[in-house]
Structures are given as C-alpha cells and as structure tokens.
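Single-structure report; data block below.
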Amino acid sequence: MQNQMMTAATAERETLPQRFYSGLKLLDRIPHDLIALIARLSIAAVFWQSGQTKVDGWHVTDNAVYLFQTEYKLPLVDPWIAAHIAAFSEHFFPFLLAIGLASRLSALALLGMTLVIEIFVYPDAWPTHGTWATCFLVIIAGGPGRIALDHLIARRFTH
C-alpha cells in the first residue's frame, strides 16, 4: 500500500516532459519478433505480387519479357533471362521470407534486387525503395524473429 502511495506521489511530481518521455519508453517494449514478422510478411507480399504480374501459370509472360526489353533495359543482361530471373526471385525469396527460412539471405537477395531497380530502372522511386530497404535491413540486422523456421532450426542445433 505504501509503495502505491509513493508511486502516485512520484507520478504527481513528474513534469509534462517526463510523463511524455515515460510514455515513449513504453514503445521500447514492442517485441522485435512482431516487428520482424510484419517486415517479412509485408515486403514478401510486395515482391510476390510483382512476381505474379510476370507469370501465367508456370510460364513467364511475353509482356514481362517485353517490359525488360523496352522499359527496364538492364545493362549487360538479356531481357529474356532478366525476366525469368526476376519472376523466379519475386516468388522464391518472398516465399522463404514468409515462412522465415533463410530469412537473412532472402532479405539480402531482395535488397540487391531493390538496388538494381533503384539504380537502373526507377531512380526517382527512392522513397518507395527506401521503405523496402528498411524492411530488409530490419531482417538482415536483427534476424527474422522467433516466429520463423530459422528460429526453430537454430534452437534445434543449439540445444
């Protein structure tokens, strides 16, 4: 009871900035596991949906190849090969991110793809690409979190 009275008395003496800072400190309690899960799933969805625009069933569309010939125009890469690599990458790595398997490597691969898009295709889209890069960097730097197959595998081999 006395602790409650002291806590209440202390709270009354806190200034408005101190109360505000105390409120902000609550944000430190957001678990990385949740942040990583949201980063993995949201960025995986972005790339998966892009990959879906390049395929019809199991085949890369002629339109996708045409875009690599006319709009994307990557240097040193044949448009047919680039379209197939992009379609594969935009399905394979997002799938791995969603299930949390090889998460850091998948995030690194898609970050590389994002850099290629930013540098060679849409340099004015840096705000979007920066947002994507942030999701990837959360995963690369902090890992995929505990809601991931990577975590289960790591636990299996470390115990």
Side-chain angles (χ1 to χ4, degrees), residues 17 20-21 23-159:
F20 180 73
Y21 181 73
L24 287 179
K25 292 296 287 176
L26 290 174
L27 298 176
D28 290 342
R29 295 184 180 184
I30 299 172
H32 172 77
D33 298 328
L34 177 62
I35 295 167
L37 178 64
I38 293 169
R40 286 185 5 242
L41 294 178
S42 60
I43 199 64
V46 168
F47 278 81
W48 180 272
Q49 289 172 348
S50 177
Q52 287 291 285
T53 68
K54 294 175 178 64
V55 296
D56 183 14
W58 291 95
H59 302 285
V60 174
T61 64
D62 291 338
N63 188 54
V65 175
Y66 176 78
L67 284 172
F68 277 89
Q69 289 170 336
T70 59
E71 186 173 339
Y72 303 158
K73 297 180 186 178
L74 295 176
L76 307 174
V77 182
D78 178 81
W80 188 89
I81 292 172
H84 282 77
I85 290 171
F88 172 79
S89 297
E90 289 178 337
H91 286 94
F92 181 68
F93 295 119
F95 173 74
L96 292 178
L97 279 178
I99 65 173
L101 183 63
S103 303
R104 286 179 165 169
L105 293 175
S106 297
L108 189 59
L110 291 173
L111 177 60
M113 190 172 183
T114 299
L115 291 173
V116 168
I117 295 166
E118 173 59 30
I119 293 167
F120 296 109
V121 183
Y122 298 121
D124 292 338
W126 62 267
T128 298
H129 299 148
T131 302
W132 298 354
T134 301
C135 288
F136 294 134
L137 291 170
V138 164
I139 299 161
I140 292 165
R146 289 181 285 186
I147 308 168
L149 288 177
D150 288 339
H151 178 72
L152 295 174
I153 292 168
R155 279 186 49 201
R156 170 94 167 103
F157 289 106
T158 57
H159 284 86

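Quick caveat: nothing in here was measured; it's all calculated off a predicted structure.
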Donor-acceptor contacts, no H, no angles, side chain residues 82-89, under 3.5 Å, sequence neighbours left out:
from, atom 1, to, atom 2, distance (Å)
His84, ND1, Trp80, O, 2.7
Ser89, OG, Ile85, O, 2.9

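- Annotation: the span from Leu37 atom CG to Ser42 atom OG amounts to 9.0 Å, rounded to 0.5 Å.
- The heavy-atom pair separating Asp124 from Pro127 by the smallest distance is O-CD, 3.8 Å.
- With rounding to the nearest 0.5 Å, the separation of CG in Leu97 from CZ in Phe92 is 10.5 Å.
- Remark: Leu24 engages Phe20, Leu27 in a side-chain contact (heavy atoms from CB on, under 4.5 Å) (not counting sequence neighbours).
- In this structure Gln69 satisfies the side-chain contact (heavy atoms from CB on, under 4.5 Å) test together with Val65, Tyr66, Pro79, sequence neighbours excluded.
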Please lay out, stage by stage, how Arg40 and Val138 fare under the test side chain to side chain contact (heavy atoms under 4.5 Å, CB included).
CA-CA 9 Å; Arg40 286 185 5 242; Val138 164; over 6 Å; no

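- Residues satisfying the side-chain contact (heavy atoms from CB on, under 4.5 Å) test with His59, not counting sequence neighbours, are none.
- Taking the salt bridge (Lys or Arg N to Asp or Glu O under 4.0 Å) definition, one finds that Asp28 meets it with Lys25, sequence neighbours left out.
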Which donor-acceptor pairs under 3.5 Å do side chains of residues 144-156 form with protein atoms, sequence neighbours excluded?
from, atom 1, to, atom 2, distance (Å)
Arg146, NE, Asp33, OD2, 2.5
Arg146, NH2, Asp33, OD2, 2.6
Asp150, OD1, Ala102, N, 2.7
Asp150, OD2, Ala102, N, 3.4
Asp150, OD2, Ser103, N, 2.9
Asp150, OD2, Ser103, OG, 2.8

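- Not counting sequence neighbours, the partners of Leu108 by the side-chain contact (heavy atoms from CB on, under 4.5 Å) test are Ile140.
- Within the 3.5 Å criterion, the main-chain N or O of Val46 finds no donor-acceptor partner in the side chain of Ser50.
- From Asp56, atom CG reaches atom CH2 of Trp58 across 13.0 Å, with rounding to the nearest 0.5 Å.
- Pairs of residues two or more places apart, or lying in two chains, never qualify as salt bridge (charged side-chain N to carboxylate O under 4.0 Å, His left out) while including a residue from residues 107-116.
- Atom CD1 of Ile117 is separated from atom OG1 of Thr128 by 11.0 Å, given to the nearest 0.5 angstrom.
- A distance of 12.5 Å separates CG in Leu111 from CG in Leu105, rounded to the nearest 0.5 Å.
- For residues 33-53, the pairs satisfying ring pair (Phe, Tyr, Trp, His ring centres under 6.0 Å) are Phe47-Trp132, Phe47-Phe136, Trp48-His91, with sequence neighbours left out.
- Taken from CG in Leu110 to CG in Leu115, the straight-line distance is 11.0 Å, to the nearest 0.5 Å.
- Taking Asp78 as the reference, nothing meets the salt bridge (Lys or Arg N to Asp or Glu O under 4.0 Å) condition, with sequence neighbours excluded.
- His129 pairs by the side-chain hydrogen bond (donor to acceptor under 3.5 Å, both in side chains) definition with Glu118, not counting sequence neighbours.
- For Tyr122, the side-chain hydrogen bond (donor to acceptor under 3.5 Å, both in side chains) partners at least two apart in sequence or on another chain are Glu71.
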